[in-house]
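Predicted model, so just to flag it, every value in this text is computed and none were measured. Numbers restart at 1 for each chain; the letters A, B, ... are given by sequence-line order, proteins then strands.
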There are 2 protein chains.
Amino acid sequence: MRMSEGVEWALHCCLNLAFLEQDEAVPAVKLAAFHELPTAYLTKQLQALVRAGIASSVPGPRGGFRLARAPEQISLLDVVVAIEGTEQAFRCEEIRQRGPGGGASGGIQVACTIDVAMRKAELAWRQALAAQTIADIAATVGRRYPSTPVRVRNLLATAPA
Amino acid sequence: MRMSEGVEWALHCCLNLAFLEQDEAVPAVKLAAFHELPTAYLTKQLQALVRAGIASSVPGPRGGFRLARAPEQISLLDVVVAIEGTEQAFRCEEIRQRGPGGGASGGIQVACTIDVAMRKAELAWRQALAAQTIADIAATVGRRYPSTPVRVRNLLATAPA
DNA sequence: GTCGATTTACTCGGATACCACGTGTCCGAGTAGCGGAGG
DNA sequence: CCTCCGCTACTCGGACACGTGGTATCCGAGTAAATCGAC
């Protein structure tokens with residue numbers, strides 16, 4: 001079970017964008033260069049954020065990406081779901097219904113007990129993710145490393161030509 | 001982020017084995033036929049359970065697999081880790097250290113805040129899995145579907161020649 | 001000097017190859033049980 | 001009748017192909033800005 005690395009990229013990008021003025025758009029090439037990421041592939045992840053309504057894109061010169069809403073309104077779960085999709089990691093294929101061990105002789109069983117247990121755990125994971133927002137991360141970073149926010153702003157803000 | 005379906009197979013197999021006498025070995029071909037699973041591939045998963053110390057295998061005729069310890073001592077996390085491996089889904093690649101946004105000008109940052117947040121969520125997931133055992137599942141199934149345990153026993157116990 | 005059309009350059013967006021891991025399969029090593037021969 | 005030996009058949013175990021999804025890349029569509037010319 002491996003999470004796409006695009007999630008890490010997306011989270012860092014959201015965090016960096018949170019340090020800027022909210023209506024300032026940053027082109028993908030700058031966001032990529034910031035962490036030496038492949039630009040074209042990062043664009044793909046950013047588009048996923050746009051589709052999910054987390055970020056918005058503005059085309060043309062001086063265009064780029066920006067957060068679509070306040071960092072306080074963006075949970076880590078939102079970002080993870082935007083990149084990884086909505087379906088859960090454990091997927092019950094209902095193998096218990098198949099074969100001689102299936103419900104043929106026992107009638108229709110309502111819920112797979114194993115599936116319920118696995119869903120329970122994954123729900124705990126989702127709740128833990130939903131409880132933390134990009135703003136929380138930004139606040140923690142600003143407290144632990146006060147120089148980071150200004151450095152990000154200086155490097156990502158529209159360069160002085 | 002997709003979990004291997006082998007996890008589902010392994011969980012169901014552990015559950016079925018939990019219904020039997022603990023020292024009774026069931027060959028892989030029977031466990032596979034029980035849910036119409038490909039025998040050879042299921043064997044691979046069972047071997048993983050053996051390597052993890054969850055199940056034990058006995059070779060030769062009348063051989064097969066059995067649980068290595070009591071169902072109360074087997075958590076869902078044990079099974080998931082046995083199949084999926086120990087490393088977590090979100091892996092921090094430390095991209096924050098790379099590129100102009102890295103710690104070059106800010107000194108060595110101790111912990112990646114994003115990584116900490118993601119680990120926190122995954123820890124909640126692991127704890128939720130560790131809190132549930134195969135015995136719990138078996139008990140729930142026995143309560144909701146009383147006919148299942150005896151059916152499993154009849155189908156998996158050493159057939160009358 | 002001001003307004004407007006045109007050009008230009010820059011951005012996103014989706015369509016297209018490549019690669020690794022999970023999926024599926026096979027054959028060989030090892031062992032317990034069974035049968036037969038001998039005592 | 002009991003014991004020992006050899007054989008057989010059945011099981012696990014690891015080594016070998018295949019397919020799907022993630023990874024990486026490219027080129028085209030669209031747009032805002034800058035430029036040039038006319039008024």
**Student:** Which pairs would a plain distance check flag for residues 50-67 of chain A, meaning a side-chain donor or acceptor within less than 3.5 Å of a matching protein atom at least two apart in sequence or in another chain?
**Tutor:**
residue : atom : partner : partner atom : Å
A:Ser56 : OG   : A:Arg66 : NE           : 3.2

**Student:** Check side-chain hydrogen bond (donor to acceptor under 3.5 Å, both in side chains) between B:Asp136 and all other residues, then give those that pass, not counting sequence neighbours.
**Tutor:** B:Thr133
**Student:** Taking only distance into account, with no hydrogens and no angle test, what donor-acceptor pairs under 3.5 Å do side-chain atoms of residues 22-29 of chain A form with protein atoms, sequence neighbours excluded?
**Tutor:**
residue : atom : partner  : partner atom : Å
A:Gln22 : NE2  : A:Arg69  : O            : 3.2
A:Glu24 : OE2  : A:Thr158 : N            : 3.4

**Student:** Please list residues of residues 45-53 of chain A whose heavy atoms come under 4.0 Å from any atom in DNA chain C, ordered by number; otherwise none.
**Tutor:**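 Contacts with DNA chain C under 4.0 Å: A:Gln47, A:Arg51.
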**Student:** Return whichever of A:Met3 or A:Arg62 has its heavy-atom-nearest nucleotide of DNA chain D closer to the 5' end.
**Tutor:**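 In this pair, the answer is A:Met3.
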**Student:** Taking salt bridge (charged side-chain N to carboxylate O under 4.0 Å, His left out) as the test, write out the residues that go with B:Glu36, two or more places apart.
**Tutor:** A:Arg98
**Student:** For DNA chain C, which residues of residues 14-28 of chain B approach it to below 4.0 angstrom with any heavy atom?
**Tutor:** none
**Student:** What is the nucleic acid contact for B:Gly6, judged by heavy atoms within less than 4.0 Å: base, sugar-phosphate only, or nothing?
**Tutor:**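 No contact at all - B:Gly6 keeps every heavy atom at 4.0 Å or more from the nucleic acid.
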**Student:** Under the ring pair (Phe, Tyr, Trp, His ring centres under 6.0 Å) test, which residues partner B:Phe19, sequence neighbours left out?
**Tutor:**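 By the ring pair (Phe, Tyr, Trp, His ring centres under 6.0 Å) rule, B:Phe19 matches no residue at all.
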**Student:** What nucleotide among C:dA9, C:dA32, C:dG13 has an atom nearest to a side-chain atom of B:Pro61?
**Tutor:**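 Output: C:dA32.
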**Student:** So, using salt bridge (charged side-chain N to carboxylate O under 4.0 Å, His left out) as the criterion, who are the partners of A:Arg126 when residues are at least two apart?
**Tutor:** A:Glu122
**Student:** A:Thr43: what forms a side-chain hydrogen bond (donor to acceptor under 3.5 Å, both in side chains) with it, not counting sequence neighbours?
**Tutor:** none
**Student:** Find every protein N or O atom lying less than 3.5 Å from an N or O atom of nucleotides 4-7 of chain C, and list the pairs.
**Tutor:**
none

**Student:** Distance check: side-chain N/O of A:Ser4 vs OP1/OP2 of D:dT23, anything under 4.0 Å?
**Tutor:** yes
**Student:** With B:Leu49 as reference, evaluate B:Leu17, B:Ile74, B:Ile83 under the side chain to side chain contact (heavy atoms under 4.5 Å, CB included) test and give the passing residue.
**Tutor:** B:Ile83
**Student:** Report yes if a side-chain nitrogen or oxygen of B:Ser57 is closer than 4.0 Å to either non-bridging phosphate oxygen (OP1 or OP2) of D:dG13; otherwise report no.
**Tutor:**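 Looking at the OP1 and OP2 atoms of D:dG13, one of them is under 4.0 Å from a side-chain N or O of B:Ser57.
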**Student:** For A:Glu93, which residues count as a salt bridge (charged side-chain N to carboxylate O under 4.0 Å, His left out) partner, sequence neighbours excluded?
**Tutor:** none
**Student:** Should A:Tyr41 be listed as having a side-chain N or O under 4.0 Å from OP1 or OP2 of D:dT25?
**Tutor:** no
**Student:** Can you list the residues that meet the side-chain contact (heavy atoms from CB on, under 4.5 Å) rule with A:Arg2, with sequence neighbours excluded?
**Tutor:** B:Arg91
